[in-house]
Number of protein chains: 2
Amino acid sequence: MDIGFIGLGIMGAPMAKNLLAAGHRLAVYDIIESSMDALASLGAYKAKSPKDVAERSSLVITMLPNSPDVKQAVIGPDGVLEGAKPGLALIDMSSISPDASKEIYAACQAKGVEALDAPVSGGEPKAIDGTLAIMVGGNEETFEKWKSLLLCMGSSAILCGPAGSGNVAKLVNQILVAANIAACAEGLTLAQKAGADPYVVLEAIKGGLAGSTALNAKAPMMLAENWKPGFKIDLHTKDLGNVMAAAEFFGSPLLLSPILLKMFKSLQESGFGQEDHSALKKCYDLELLK
Amino acid sequence: MDIGFIGLGIMGAPMAKNLLAAGHRLAVYDIIESSMDALASLGAYKAKSPKDVAERSSLVITMLPNSPDVKQAVIGPDGVLEGAKPGLALIDMSSISPDASKEIYAACQAKGVEALDAPVSGGEPKAIDGTLAIMVGGNEETFEKWKSLLLCMGSSAILCGPAGSGNVAKLVNQILVAANIAACAEGLTLAQKAGADPYVVLEAIKGGLAGSTALNAKAPMMLAENWKPGFKIDLHTKDLGNVMAAAEFFGSPLLLSPILLKMFKSLQESGFGQEDHSALKKCYDLELLK
């Protein structure tokens with residue numbers, strides 16, 4: 001199939017490669033021209049614009065940093081919708097605000113372009129392996145049509161509801177991950193300050209109701225002071241910003257997310273934006289919010 | 001062995017029964033006289049005071065609601081220390097503030113009484129089954145001496161550090177549990193308000209970094225609006241109050257716990273104190289903190 005792929009960053013590039021490996025023809029675009037070269041050397045066409053991508057494709061996939069980037073690429077001048085042929089589909093796999101997903105979906109509908117939002121979790125290693133978890137929003141017929149194609153890039157693709165619901169699921173995920181990591185940091189700090197053995201405390205509690213994947217993965221990083229990403233503070237800050245926007249849009253109350261966002265922003269301001277989100281521990285160790 | 005047991009509530013009564021079943025002689029005490037009758041009918045001696053308990057015992061176990069109750073029973077008039085024979089040991093299995101544990105430990109030391117703090121997790125069912133998880137603070141020699149006895153009541157007993165560390169571990173546990181449950185509630189509410197299918201969202205995220213024991217156990221309760229305890233709001237509120245006290249005492253910064261405590265208090269004030277802590281969802285549904 002002729003597929004367009006817009007956004008060849010850390011996630012997009014390996015996802016595009018997996019589509020090439022599955023035998024699809026690719027037209028690629030990125031604002032950083034050199035990002036296209038690796039894909040071009042594997043046979044992809046280097047497009048001149050998102051519009052150029054769309055003109056050559058039956059399906060366009062976008063994998064961009066945030067809401068404004070996707071709107072620009074899809075709705076903006078020289079964007080996907082300007083080049084859309086009849087029957088084009090758009091799957092936006094970026095992690096953006098669900099209200100932006102709804103806006104993009106509506107703009108696509110108006111042009112006869114079917115659209116899904118399909119953000120992922122799993123990070124670069126799973127993007128490379130093609131084992132991402134894909135959370136999808138949109139209508140069921142469109143989802144069923146493209147599900148097998150999504151599974152070239154992921155090990156699961158789950159329809160979570162109407163347009164925007166993929167990004168809602170992603171944000172729910174990011175709230176839980178941030179809160180679980182912050183709670184690990186708060187608890188471990190108390191154990192350390194009180195003179196208990198934090199490794200033993202971990203061992204004592206991880207089998208009970210306090211147990212979590214984040215505790216198992218991140219608490220040992222905190223105790224070893226290993227901040228190698230993983231998932232970066234900068235990206236999680238962006239996601240929590242989208243949580244705030246989505247909650248405002250849908251009228252959903254937030255109690256933990258605002259303080260979590262403050263913690264993430266304090267880390268960015270202190271120069272830790274490129275570290276793993278387990279560096280939330282530094283909010284406690286350096287008392288960044290005091 | 002001659003064991004004294006003070007505090008025959010929901011947890012203490014089945015724990016005392018397990019000690020009787022293991023062949024120990026028991027002197028029991030509770031401020032509610034009728035609470036002693038069930039144990040007396042199984043052969044326990046109904047004592048007149050904590051002092052009376054101590055005079056008849058080589059080991060005294062306390063299982064009381066909170067710090068002031070334990071101090072009263074141990075250090076107060078007609079308390080355990082007034083009746084302590086040479087070589088008496090005290091194991092306080094209550095969930096109290098670690099600074100109170102340290103104070104009780106010091107008072108015991110001054111009277112030649114060895115002491116451990118050994119709070120539990122697992123709730124009433126595991127108290128009945130004798131499969132509690134026991135977190136211990138104190139010195140290693142004392143811990144090794146009494147470990148096998150603790151295992152009449154629990155399936156694990158782990159020494160987490162010096163006096164107070166058992167309660168530190170318990171509080172770390174309670175911070176994590178509260179934060180994980182609150183994050184579930186915040187995320188599920190967003191999914192619901194945004195029109196996504198919350199059951200599918202759960203399915204989509206529970207295998208990843210957002211996964212937790214609390215998510216698996218409590219999110220389905222929230223979606224079914226089943227608030228049957230489990231672990232009550234009232235008790236978790238008490239524990240978070242002790243988190244605040246311990247953090248103040250040890251100089252450990254808190255960022256999530258204060259808002260979690262506010263959420264729990266708002267539930268108490270609204271009359272939900274006897275419901276399961278999964279009722280944190282009501283803070284969002286009823287916008288209790290608005």
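A219(A) is linked by a side-chain contact (heavy atoms from CB on, under 4.5 Å) to L188(A), L202(A), L215(A), counting only residues two or more places apart in sequence or in another chain.
Environment of CD1 in I10(A): sparse, with no more than 12 heavy atoms of neighbouring residues, nucleotides or ligands closer than 6.0 Å.
Contact detail for A217(B) and L209(A): the closest heavy-atom pair is CB-CD1, 4.2 Å. Contact between V201(B) and C160(A) at its shortest, heavy atoms only, is CG2-CB, 4.1 Å.
When the candidates A194(B), G208(B), A246(B) are compared by the number of heavy-atom contacts under 4.5 Å with chain A, A194(B) comes out ahead. Per-residue counts of heavy-atom pairs under 4.5 Å with chain B were compared for V168(A), L171(A), L260(A), V136(A); the largest is that of V168(A). For the options I175(A), L256(A), I259(A), heavy-atom pairs under 4.5 Å to chain B are most numerous at L256(A). Between chain B and the options P253(A), G251(A), A157(A), the largest number of non-hydrogen pairs under 4.5 Å is found for P253(A). When each of V243(A), L190(A), I134(A) is checked for heavy-atom pairs under 4.5 Å with chain B, L190(A) comes out on top. Note: G187(A) leads G161(A), G207(A), P198(A), G187(A) in heavy-atom pairs under 4.5 Å with chain B. When each of C283(A), A196(A), A182(A), A247(A) is scored by its heavy-atom pairs under 4.5 Å with chain B, the top score falls to A196(A). For chain A, the option among L255(B), I181(B), V177(B), V172(B) with the highest count of heavy-atom pairs below 4.5 Å is L255(B).
Taking CG of L176(B) as the reference point, atom CD1 of I205(A) lies at 5.0 Å (rounded to 0.5 Å).
Side-chain contact check for V200(B) versus I158(A): some heavy-atom pair is nearer than 4.5 Å.
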Do chain A and chain B have donor-acceptor pairs under 3.5 Å, and which are they?
| unit_1 | atom_1 | unit_2 | atom_2 | d |
| --- | --- | --- | --- | --- |
| C160(A) | O | D197(B) | N | 2.8 |
| E186(A) | OE1 | L255(B) | N | 2.9 |
| E186(A) | OE1 | L256(B) | N | 2.8 |
| E186(A) | OE2 | L256(B) | N | 3.4 |
| E186(A) | OE2 | S257(B) | N | 2.9 |
| E186(A) | OE2 | S257(B) | OG | 2.6 |
| L190(A) | N | S252(B) | OG | 3.4 |
| D197(A) | N | C160(B) | O | 2.8 |
| G211(A) | O | T213(B) | N | 3.0 |
| G211(A) | O | T213(B) | OG1 | 3.3 |
| T213(A) | N | G211(B) | O | 3.0 |
| T213(A) | OG1 | G211(B) | O | 3.3 |
| S252(A) | OG | L190(B) | N | 3.4 |
| L255(A) | N | E186(B) | OE1 | 2.9 |
| L256(A) | N | E186(B) | OE1 | 2.8 |
| L256(A) | N | E186(B) | OE2 | 3.4 |
| S257(A) | N | E186(B) | OE2 | 2.9 |
| S257(A) | OG | E186(B) | OE2 | 2.6 |

